[in-house]
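FYI, side chains are in, hydrogens and waters are out, and symmetry mates aren't considered; it's all heavy atoms of this structure. Just so we're on the same page: letters track the sequence lines, and every chain starts at 1. Not measured: the values here are computed from a predicted model.
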There are 2 protein chains.
Amino acid sequence: MSETETSSPKRDHLMATAWRLFYRDGFRAVGIDLILAEAGVAKMTLYNHFSSKEELIVALLEKRDRELRAAMAATVEVAGKSPTKRLLAVFDWLEGWFGSPDFNGCVFIRALSEYPEATHAIHRTAWNHKVAVKEMLAQLCAAAGASNPAGLAETLSLLIDGAIVAAHGTRATGSARSARATAATLLKLAAA
Amino acid sequence: MSETETSSPKRDHLMATAWRLFYRDGFRAVGIDLILAEAGVAKMTLYNHFSSKEELIVALLEKRDRELRAAMAATVEVAGKSPTKRLLAVFDWLEGWFGSPDFNGCVFIRALSEYPEATHAIHRTAWNHKVAVKEMLAQLCAAAGASNPAGLAETLSLLIDGAIVAAHGTRATGSARSARATAATLLKLAAA
DNA sequence: AAGGGAATAGACAGAACTGTCTATTTTATG
DNA sequence: CATAAAATAGACAGTTCTGTCTATTCCCTT
């Protein structure tokens, strides 16, 4: 949407700090004042770059969306040429993410949860990410010769989001492996 | 855990109001004062029954856990004797839930999200529910003759939680049908 | 009818919240 | 070096938050 945002060091540092605190503790749990104190930035600097806390959160989600999809795309690219391997690489990447020390769930699911109302800007932005990821998956499914790529991508999305929730609840990586195994099974069936 | 809680009309009414507001807007978004005003109850009444807001939330989650599992069990019971039908009835029930007018996601996933820290009482209580549901699913999978009931139950849990997140993002019931179809496929494979 | 436990209203403390404003200083650029 | 833009500290308003306390009133049971 809004790509007029000029990148500046202060702005970037503010966003990095805000991201860290929001992701660790939650959007409503973290106040503006804490972010400013941790970032060592004046309040007016924040309000010169963002008109409200809500807009800051939306900007963070959009940034994270871009980064995450880029990381996914890179993971797929590294996985080689086999369509099956490329698709399953997404699940291996999930497993690595779940195992990383500061994994704390999916910020988009958490945003949907904290701002549950359908019309809320943060809710919609968070869901936009999930739709975009599903479209990426559909591309991969199509490349793998699935008869119904969109349908398979929908199912894989369910598995992925379920696995993220489970990893957040257990702090274990097993759900990624379960999801991967199911994905492999479904892919084999769909490409038959 | 704590089953010493005496049931009283005031307490029940307070919990019903708190549930409605928390589920609609979120735990951190709803203040004690709003609950009290909506319930028409004095502040000391709350603090005579619960030592803190956190304890109120935990009590609500435990109550909802009991109700939800009872509803699931009833759904399964009504579905007849066929193990497959009993298992798939859970997904039909999901679809009905997603379509109900005040569906607003899964309160347990939302609690995990709002209190992301693993050691937090609310986080743990919320995850306990997911574990309990998974165990119910494992029973159903075993009855359906699955070779690895626990493994299948894990996968079905992923599908269910993914479907709930998707329904919260889309306000549509389609994810329940996708999950159901996948569950049916997996069940057929597992019972072979 | 009397006594006791529960509920009440409402003040209160003390902190935290978002967002605004001003006056000053720093920083970058011509 | 000069000027304009950006960032600063910090006060401020006005609200909201959880939890505590007191003094009064309601209601149920004996």
Side-chain angles (χ1 to χ4, degrees), chain A residues 2 4-61 110-111 114-117 120-123 125, chain B residues 2 4-61 110-111 114-117 120-123 125:
Chain A
S2 49
T4 37
E5 315 135 349
T6 318
S7 176
S8 87
K10 284 287 174 192
R11 187 190 149 101
D12 293 348
H13 180 232
L14 195 54
M15 286 181 79
T17 304
W19 162 259
R20 180 172 58 81
L21 295 174
F22 281 147
Y23 184 55
R24 191 188 64 189
D25 296 337
F27 297 110
R28 298 200 116 106
V30 173
I32 291 292
D33 287 338
L34 177 60
I35 297 170
L36 297 173
E38 293 256 327
V41 152
K43 191 172 266 194
M44 277 315 291
T45 303
L46 190 158
Y47 283 102
N48 279 335
H49 284 292
F50 307 95
S51 69
S52 65
K53 180 184 180 180
E54 176 180 320
E55 197 181 280
L56 167 62
I57 293 173
V58 168
L60 285 170
L61 291 179
R110 286 174 53 190
E114 282 211 64
Y115 301 90
E117 200 193 350
H120 197 292
I122 294 174
H123 188 94
T125 303
Chain B
S2 50
T4 37
E5 314 135 351
T6 319
S7 175
S8 88
K10 284 287 174 191
R11 187 191 149 100
D12 293 348
H13 179 233
L14 194 53
M15 287 182 77
T17 305
W19 162 259
R20 180 172 57 79
L21 295 173
F22 282 146
Y23 184 57
R24 193 187 63 188
D25 295 338
F27 297 111
R28 298 199 117 106
V30 172
I32 291 294
D33 287 338
L34 177 61
I35 298 171
L36 297 172
E38 292 256 327
V41 153
K43 192 172 265 194
M44 278 314 291
T45 303
L46 189 159
Y47 283 102
N48 279 336
H49 285 293
F50 307 95
S51 69
S52 64
K53 180 183 180 181
E54 175 180 321
E55 196 180 283
L56 167 62
I57 294 173
V58 168
L60 284 170
L61 292 178
R110 287 175 52 191
E114 282 211 64
Y115 301 90
E117 200 193 352
H120 197 290
I122 294 174
H123 189 94
T125 304

message: Working note: Leu61(A) + Phe27(A), criterion side-chain contact (heavy atoms from CB on, under 4.5 Å); need CA distance, chi angles, decisive distance, verdict.
response: CA-CA 11 Å; Leu61(A) 291 179; Phe27(A) 297 110; 4.3 Å; yes
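- For the pair Glu55(A) CD and dG19(C) P, the interatomic distance rounds to 10 Å; values are reported in whole Å.
- At dA6(D), none of the side-chain N or O atoms of His49(A) fall inside 4.0 Å of OP1 or OP2 (strictly under the cut-off).
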message: Using side-chain contact (heavy atoms from CB on, under 4.5 Å), reason through Glu38(B) and Arg20(B) one step at a time and then give a plain yes or no.
response: CA-CA 10 Å; Glu38(B) 292 256 327; Arg20(B) 180 172 57 79; 2.7 Å; yes
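- Side-chain atoms of Glu114(A) come within 3.5 Å of backbone N or O of Arg28(A) as a donor-acceptor pair.
- Listed pair Lys10(A) / dA7(D) fails the phosphate criterion, with no side-chain N or O lying under 4.0 Å from OP1 or OP2.
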task: Check the pair Arg11(B) / Thr45(B) against side-chain contact (heavy atoms from CB on, under 4.5 Å), numbers first and verdict last.
output: CA-CA 8 Å; Arg11(B) 187 191 149 100; Thr45(B) 303; over 6 Å; no
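- Atom pair Asn48(A):CG and dG19(C):C1' shows a separation of 12 Å (rounding to whole Å applied).
- The one candidate from Ile32(A), Val58(A), Ile35(A) that meets the side chain to side chain contact (heavy atoms under 4.5 Å, CB included) condition with Lys53(A) is Ile32(A).
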query: Does the pair Thr17(A) and Leu36(A) meet the rule for a side-chain contact (heavy atoms from CB on, under 4.5 Å), with working shown?
result: CA-CA 8 Å; Thr17(A) 304; Leu36(A) 297 173; over 6 Å; no
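- Residues from residues 27-47 of chain B with heavy atoms under 4.0 angstrom of DNA chain C, sorted by number: Gly40(B), Val41(B), Ala42(B), Met44(B), Thr45(B).
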